[in-house]
Asks: 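Take this structure, written in structure tokens, and hold onto it; I'll ask about it next.
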Amino acid sequence: MRQLENIPFEELTVGQTDSLTRTLTEEDLLLFAKVSGDTNPVHLDKAFAATTQFEGRIAHGMWTSSLISCALATRLPGPGGIYLSQEVKFMRPVKIGDTVTVKLEVLDINERRKRATVSTNVVNQDGKTVVKGKAEIMPAVEKVVVDEYPLPEVELKA
Ligand SMILES: C[C@@H](O)CC(=O)SCCNC(=O)CCNC(=O)[C@H](O)C(C)(C)COP(=O)(O)OP(=O)(O)OC[C@H]1O[C@@H](n2cnc3c(N)ncnc32)[C@H](O)[C@@H]1OP(=O)(O)O
């Protein structure tokens, strides 16, 4: 089982970086539509999506954004951190089979409020930015070391 360990607030420094990479599968796209209820045909309907400027299905913007949450929760600052705000600009589409990398960098630390601003850009396999933005977070003050929570296997039934 994977262990998750945080970077407590006092150990965060401006310029610290981390990243997380994920490839979008069709199953991910369908599961995201199911849990979010976002059944926009641009994500699901091949025939409809082919008629758009993207010429095919594209990922939910919030799927890509959810990877930012994952990176913050598991990498920098890690478990126990709390999301306060998130700015996202969807610059380019993500398609099934694309491999995207969330790049985190600590931009600013507010010692008084024990909060940090982190840039949260996401690039694709060609190094092109697909999401631009930044987040404000409240990292845990104490050291947190936990076994990653065991998620159940879920089966997608059509
Ligand atoms: C509701 C849900 O179900 C729907 C979804 O989830 S859809 C999935 C998420 N969204 C996307 O995948 C869209 C991705 N974005 C794009 O593909 C492009 O932004 C665009 C094709 C919609 C527009 O791009 P482009 O044609 O390059 O833009 P313009 O020519 O209109 O403007 C050029 C300048 O604007 C800047 N820019 C482009 N996109 C954004 C953005 N999302 N936010 C802010 N600014 C943006 C671009 O950098 C140019 O700036 P410059 O200073 O002039 O260089």
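Whatever order the structure lists ligands and atoms in, that order sets their numbers, starting from 1.
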Asks: Are there any protein N or O atoms under 3.5 Å from the N or O atoms of ligand 1? List them with distances, or say none.
Replies:
from     : atom 1 : to    : atom 2 : distance (Å)
ligand 1 : 3 (O)  : Asp38 : OD1    : 3.3
ligand 1 : 3 (O)  : Asp38 : OD2    : 2.8
ligand 1 : 3 (O)  : Asn40 : ND2    : 3.0
ligand 1 : 3 (O)  : His43 : NE2    : 2.9
ligand 1 : 6 (O)  : Gly61 : N      : 2.9
ligand 1 : 15 (N) : Phe90 : O      : 2.9
ligand 1 : 15 (N) : Met91 : O      : 3.3
ligand 1 : 19 (O) : Phe90 : O      : 3.4
ligand 1 : 19 (O) : Met91 : O      : 3.2
ligand 1 : 42 (N) : Phe90 : O      : 2.7

Asks: Could you check if a side-chain atom of Cys70 sits within less than 4.5 angstrom of a side-chain atom of Leu20, using non-hydrogen atoms only?
Replies: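 With C-beta onward as the side chain, the pair touches.
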
Asks: Quick one: does Thr25's side chain have a donor or acceptor within less than 3.5 Å of a partner on Asp28's backbone?
Replies: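 Flag set: sc Thr25 to bb Asp28 pair under 3.5 Å.
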
Asks: Any heavy-atom pair between the side chains of Thr13 and Val106 that's under 4.5 Å?
Replies: no

Asks: Below 30° counts as parallel, above 60° as perpendicular, anything between as tilted: where do the rings of His60 and His43 land?
Replies: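 Because their plane-to-plane angle is under 30°, the rings of His60 and His43 count as parallel.
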
Asks: Using only heavy-atom distances, determine whether the side chains of Thr120 and Gln86 contain a donor-acceptor pair under 3.5 Å.
Replies: yes

Asks: Can Glu5 and Lys143 be counted as an ion pair, charged N to O under 4.0 angstrom?
Replies: yes

